[in-house]
Each structure stands twice: as structure tokens, then as C-alpha cells.
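First up is the structure itself, then whatever we jot down about it.
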Amino acid sequence: MKHIVKRGKHTESYDPKKLYASIYAACLSVREHPGSAEVIADDVIKNFEKWLEPKHEVTSNDIRKKAHDFLQTINPDAAHMYLHHRVIW
């Protein structure tokens, strides 16, 4: 089981549904079609989990940066929203 170190220094288990939801929401926020947003989120999750596989523990910041990198290659506008949503919203 993968452990995520959160900003408050506590840990929780990795939940791909949470990452999927945030990527999907970022895609929708830049007017990506819902079907396309699903495909993009699936692709980012697939690539992210390949990166995550050898790791036992990562920080939530590591997740945000790496997921952003994968999303950046597919939809730069959605990647920007994903990375900066706390600041914008």
C-alpha cells in the first residue's frame, strides 16, 4: 500500500479516485468535453501509477507536481488549473 505524506505531516493511503477527480475537474474547468476529460484523467492516472509503482511513500506535493507534468503534455490549460486551483479558487 502506498502512503501519502500530507502537508500536516500525517499520512494516508493513496486513493486514485481523489487524483482522478481533481484532474477531471481541472479538465472541465477549461471547457474540456466530459468524455474527453474522462479519457485524459484515465491517461494521467495510468502514467502516474507507473511512476508511483516503485515508491512506498510520497508527499502530496510530489503527487501534485508529477500529475501536473503528465497533464501538461496532454492539456496545458488544464495542467495550469490543476496546479494552481488552490490559488485561483
Side-chain angles (χ1 to χ4, degrees):
M1 179 170 292
K2 306 299 179 184
H3 294 283
I4 309 306
V5 179
K6 304 298 279 186
R7 287 184 289 170
K9 304 300 181 205
H10 67 280
T11 62
E12 64 181 51
S13 297
Y14 167 68
D15 183 357
K17 294 175 192 170
K18 290 172 76 173
L19 181 57
Y20 178 96
S22 62
I23 294 166
Y24 180 80
C27 290
L28 293 181
S29 73
V30 295
R31 302 180 196 271
E32 191 72 55
H33 184 275
S36 179
E38 289 177 7
V39 171
I40 290 170
D42 284 337
D43 190 41
V44 171
I45 294 294
K46 180 181 72 175
N47 287 307
F48 176 80
E49 289 184 347
K50 285 180 189 174
W51 172 83
L52 183 63
E53 183 63 32
K55 295 159 180 52
H56 175 68
E57 187 174 273
V58 295
T59 67
S60 54
N61 197 40
D62 293 336
I63 292 173
R64 180 163 296 284
K65 288 179 180 179
K66 200 60 176 177
H68 167 266
D69 292 347
F70 291 125
L71 185 54
Q72 178 71 28
T73 64
I74 301 168
N75 186 321
D77 293 333
H80 178 80
M81 290 301 291
Y82 172 78
L83 190 62
H84 299 288
H85 82 277
R86 287 188 188 129
V87 175
I88 295 170
W89 292 336

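Quick caveat: nothing in here was measured; it's all calculated off a predicted structure. Index from 1, following the sequence.
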To the nearest 0.5 Å, what is the distance between CD (Glu38) and CG (Leu28)?
9.0 Å
Distance (rounded to the nearest 0.5 Å) between Ile63 CD1 and Ile4 CD1
3.5 Å
Where Ala79 and His68 come nearest, the two heavy atoms and their spacing
O-CD2, 3.2 Å
Search all heavy atoms of Ile23 against all heavy atoms of Ala41 and return the closest pair with its distance.
CG2-CA, 3.8 Å
A quick test of your reading: do over 12 heavy atoms of other residues, nucleotides or ligands sit less than 6.0 Å from NZ of Lys65?
no
Mind checking the NE2-OG spacing from His10 to Ser60? Nearest 0.5 Å is all I need.
8.5 Å
Heavy-atom closest pair (Gly35 atom, His33 atom, distance to 0.1 Å) is N-ND1, 3.0 Å
Counting distance only, does the side-chain N/O of Asn47 pair as donor-acceptor with the main-chain N or O of Asp43 below 3.5 Å?
yes
Going by heavy atoms in the side chains, are Tyr24 and Pro34 under 4.5 Å from each other?
yes
Can you name the closest pair of heavy atoms from Val44 and Ala67 and give their distance?
CG1-O, 4.0 Å
Salt bridge (Lys or Arg N to Asp or Glu O under 4.0 Å) filter on Lys18, not counting sequence neighbours, yields Glu12
Set of residues satisfying side-chain contact (heavy atoms from CB on, under 4.5 Å) with respect to Asp69, sequence neighbours excluded
Lys66
Side chains of Val58 and Val5: does their closest heavy-atom pair fall under 4.5 Å?
no
Quick check: does any side chain N or O of Arg64 sit under 3.5 Å from a backbone N or O of Tyr82, one acting as donor and the other as acceptor?
yes
Is the shortest heavy-atom distance from the side chain of Asp42 to the side chain of Tyr20 under 4.5 Å?
yes
All ring pair (Phe, Tyr, Trp, His ring centres under 6.0 Å) counterparts of Phe48, not counting sequence neighbours
Tyr14, Trp51
Interatomic distance, CD@Glu32 vs CG@Asp77, rounded to 0.5 Å, equals 9.5 Å
Run the numbers on Asp62 and Thr59 for side-chain contact (heavy atoms from CB on, under 4.5 Å), then give the verdict.
CA-CA 5 Å; Asp62 293 336; Thr59 67; 3.0 Å; yes
